[in-house]
Amino acid sequence: MADLDKSVEELRSRGVTIFAEPFVVDPIGQRLAMIKDNSGNVIELAQAVAA
């Protein structure tokens with residue numbers, strides 16, 4: 001995902017539930033965010049952290 005923050009804001013503006021705001025997981029070099037779909041399923045969004 002090219003811009004996680006922009007994607008999260010777009011999803012929020014469309015009424016998507018943000019389950020976890022973007023956060024960094026250093027051991028895997030990723031920024032993650034989690035959303036819930038309309039059935040309550042959790043979906044992980046990921047963006048590589050620049051080295």
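All values below come from the heavy atoms of this structure, side chains included, with hydrogens, waters and symmetry mates left out. Residue numbers start at 1 and run along the sequence shown.
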Can you measure from [atom1] ([X]) to [atom2] ([Y]) and round to the nearest 0.5 angstrom?
| X | Y | atom1 | atom2 | result |
| --- | --- | --- | --- | --- |
| Glu10 | Asp3 | CD | CG | 11.5 Å |
| Leu11 | Thr17 | CG | OG1 | 10.5 Å |
| Ile18 | Met34 | CD1 | CE | 12.0 Å |

Please report the shortest heavy-atom distance between [X] and [Y], naming the atom on each side.
| X | Y | result |
| --- | --- | --- |
| Glu21 | Val8 | OE1-CG1, 4.3 Å |
| Val16 | Lys36 | CG1-O, 3.8 Å |
| Gln30 | Val49 | C-CG2, 3.6 Å |

Please assess Glu9 against Arg14 for the test side chain to side chain contact (heavy atoms under 4.5 Å, CB included), listing each intermediate value before the final yes or no.
CA-CA 9 Å; Glu9 288 309 312; Arg14 294 175 182 233; over 6 Å; no
Any side-chain heavy atom of Ile35 sitting closer than 4.5 Å to one from Val42?
no
Are side-chain heavy atoms of Leu32 and Pro22 found at a separation under 4.5 Å?
no
Starting from Phe23, can I reach Leu45 by hopping between I/L/V/M/F/W/Y residues whose side chains sit under 4.5 Å apart?
no
Are Leu4 and Val25 linked, directly or through other ILVMFWY residues, by side chains that come within less than 4.5 angstrom of each other?
no
